[in-house]
Amino acid sequence: MKALVYHGPGKKSWEEVPDAAIQEPTDVVVRVDTTTICGTDLHILQGDVAAVTDGRILGHEAVGTVTETGDAVTGFQAGDRVLVPAITKCGRCAYCQRGMPSHCQTVGGIGWIFGHLIDGTQAETVRVPYADTSLYAVPESVTNEQAIFLADSLPTGYEVGVLAGQVRPGDTVAVVGAGAVGLSAILTTGLWGASKVIAIDTNKFRLEKALEFGATDAVEVGPATVADVIALTDGLGVDVSIEAVGYPETLLTAASLVRPGGSIANIGVHGTPVELPMQDMWIQNVRLSMGLVDTVSIPTLLKMVASGRIPAEKMGTHRFTFGEMDEAYDVFKNAAANSALKVVITPA
Ligand SMILES: NC(=O)c1ccc[n+]([C@@H]2O[C@H](COP(=O)([O-])OP(=O)(O)OC[C@H]3O[C@@H](n4cnc5c(N)ncnc54)[C@H](O)[C@@H]3O)[C@@H](O)[C@H]2O)c1
Ligand SMILES: [Zn+2]
Ligand SMILES: [Zn+2]
């Protein structure tokens, strides 16, 4: 088969590799019908993720068809259309049992293993460990191009942003960063009845998208970003401030926007320490949350997509075939210049 193989910082190629095969009785093999690229894949290509070594097949998001099942697999059979999520889980370890498979001990202490610790989904076929507890059947009414965004970005915005931030009916919510993850938070704040959703970004195209995705207001980053947002909240600040960029300054912005008693939900992956003004924050009765997505909200999100409440397909702006993997990466890497959000990649 062919797959996208990482060969060290800055190097990748779509090349011939051995077919994915069953290794453990709990595995299945999935033929990949749709995949996509995540910002994390770009981090890997920059050499930021040391655990990813030469020869690793990249990708941690897929929708596909089961082609082979291990002897212990009972929940899936050849021909089933399935969603392969970013997180793999055994379902039994202490973390899985408390609904936190992001730290599944059985698969290595971190549930994100595809395109990281084992071969990933940017390939014609992929081996899926712990298939019974990790895969999701895709309902007939949900298309591959909708389901693919439930593998990572939608659950991330929803779980690490909206749920961790405890958005409640009537709340005013700010989302700093309107990329795929911030837009996913915007798309799902409505499920909890937010009355005002303010998108904040440096990029005009992303802000236009945010308004299409359900934001009520858009604020372009400038010298008075915080004051501009506070002015939209009757001077009070927001109930929930979601950070979806991953820089010290954006977390500081998110923290400056929250009103007393509110929540700051950090989603961004940070690469450097951040100094928070605790001398001002301690007295504000605010909460700060952070974490790796668990993807446990996928069943909920699948139902909301199936019923039309979440238009997940809006996330896909560009289409490519497997043979155009390099072009897909180029467009995604220069997403702002290409008016791109997520790319949809299919066999042909
Ligand atoms: N916690 C998790 O489990 C998890 C999972 C997936 C992704 N992430 C992280 O979430 C973050 C967002 O991911 P994404 O895929 O949407 O990334 P992205 O690059 O597509 O989006 C980031 C957005 O932030 C905007 N931005 C950049 N600088 C800004 C600034 N100073 N102020 C306001 N906006 C600014 C960009 O224009 C862009 O629209 C990343 O840090 C990613 O690594 C976290
Ligand atoms: Zn990802
Ligand atoms: Zn586990």
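Ligands are counted one by one from 1 in listed order, and the atoms in each one are counted from 1 as well. Every heavy atom of this structure was used, including side-chain atoms; hydrogens, water molecules and symmetry mates were not.
Minimum interatomic distance between Leu302 and Ala137 (heavy atoms only, all atoms of both residues): CD1-O, 3.8 Å. In terms of heavy-atom proximity, Glu61 sits nearest to Thr35 at O-OG1, 2.7 Å.
Taking 4.0 Å as the cut-off between side-chain N and carboxylate O, Asp239 and Arg168 do not count as a salt-bridged pair.
Protein atoms of type N/O/S that fall under 2.8 Å from the Zn ion (ligand 3) number 4 in this view.
Of the protein's non-hydrogen atoms, the one nearest atom 15 (O) of ligand 1 is Val181 CG2, 3.9 Å. Ranking protein heavy atoms by distance to atom 5 (C) of ligand 1, first place goes to Thr156 CG2, 3.3 Å.
For Val293, a nitrogen or oxygen atom sits less than 3.5 Å from a nitrogen or oxygen atom of ligand 1, counting backbone and side chain alike. For Arg206, a nitrogen or oxygen atom sits less than 3.5 Å from a nitrogen or oxygen atom of ligand 1, counting backbone and side chain alike. In terms of N/O distances under 3.5 Å, ligand 1 is approached by Val245. On a distance-only criterion, Asp201 and ligand 1 share at least one N/O pair closer than 3.5 Å. Residue contacts with ligand 1: Val269 is placed with a nitrogen or oxygen under 3.5 Å of a nitrogen or oxygen of the ligand (distance criterion only). The shortest N or O to N or O distance between Cys38 and ligand 1 is not below 3.5 Å. Annotation: Val221 places no N or O atom under 3.5 Å from an N or O atom of ligand 1; distance criterion only. Any N or O atom pair closer than 3.5 Å counts here, and Ile267 shares at least one such pair with ligand 1.
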Go through Ile87 and Ile113 one step at a time and tell me if the side chain to side chain contact (heavy atoms under 4.5 Å, CB included) criterion holds.
CA-CA 7 Å; Ile87 301 292; Ile113 58 173; over 6 Å; no

Could you go through Glu15 and Ser13, starting from their C-alpha distance and side-chain angles, then the distance that decides it, and tell me whether this counts as side chain to side chain donor-acceptor pair (under 3.5 Å)?
CA-CA 6 Å; Glu15 63 188 43; Ser13 79; 2.3 Å; yes

Could you go through the salt bridge (charged side-chain N to carboxylate O under 4.0 Å, His left out) check for Arg127 and Asp119 one step at a time?
CA-CA 8 Å; Arg127 177 179 78 91; Asp119 283 336; over 6 Å; no

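Residue pairs satisfying the side chain to side chain donor-acceptor pair (under 3.5 Å) criterion with at least one member in residues 303-320, sequence neighbours excluded, are listed as follows: Glu145-Arg319, Gln146-Glu313.
Every residue meeting the side chain to side chain donor-acceptor pair (under 3.5 Å) condition with Tyr329, not counting sequence neighbours, appears here in chain and number order: Gln122. Under the side chain to side chain donor-acceptor pair (under 3.5 Å) criterion, Asp54 pairs with His7, sequence neighbours left out.
With hydrogens and angles left out, the side-chain atoms of Ser263 and Gln166 include no donor and acceptor closer than 3.5 Å. In this structure, a donor-acceptor pair under 3.5 Å is present between the side chains of Asp294 and Ser102. Side chain to side chain, Ser289 and Asn266 fail the donor-acceptor criterion of an N or O pair below 3.5 Å. A donor-acceptor pair shorter than 3.5 Å cannot be found between the side chains of Arg31 and Thr67.
Counting heavy atoms of neighbouring residues, nucleotides and ligands inside a 6.0 Å radius, atom OH of Tyr247 does not exceed 12 of them. Surrounding OH of Tyr95 are at most 12 heavy atoms belonging to other residues, nucleotides or ligands under 6.0 Å away. By the 6.0 Å contact criterion, CH2 on Trp14 is enclosed, its count of non-hydrogen atoms from other residues, nucleotides or ligands being greater than 12.
Within ligand 1, counting atoms from 1 as listed, the ones closer than 4.0 Å to a heavy atom of Asn203 are 37 (O). Atoms of ligand 1 lying under 4.0 Å from any heavy atom of Leu292, numbered from 1 in the order shown and given with element: 3 (O). Those atoms of ligand 1 with a heavy atom of Tyr247 less than 4.0 angstrom away are 28 (N).
One finds an angle of 110° at the Zn ion (ligand 2) between SG on Cys38 and NE2 on His60, to the nearest 10 degrees.
Assignment of Thr250 to the shell around ligand 1 is supported, since a heavy atom sits closer than 4.0 Å. Using a 4.0 Å cutoff on heavy atoms, Ala244 counts as a contact of ligand 1. Gly291 counts as a contact of ligand 1, since one of its heavy atoms falls under 4.0 Å from the ligand.
Contact check for Glu243 versus Ile264: no side-chain heavy atoms found under the 4.5 Å cut-off.
Here the shortest heavy-atom distance to atom 23 (C) of ligand 1, taken over Ala180, Gly179, Gly246, Ser184, belongs to Gly179. Proximity annotation for atom 24 (O) of ligand 1: of Pro155, Gly177, Ser102, Gly177 comes nearest, heavy atoms only.
Per-atom contact check: atom 19 (O) of ligand 1 does not touch the protein, criterion being a heavy-atom distance below 4.0 Å.
Contacts between Ala178 and ligand 1 below 4.0 angstrom, taking non-hydrogen atoms only, involve the backbone exclusively.
Metal site remark for the Zn ion (ligand 2): Asp152 contributes an N, O or S atom at a distance under 2.8 Å.
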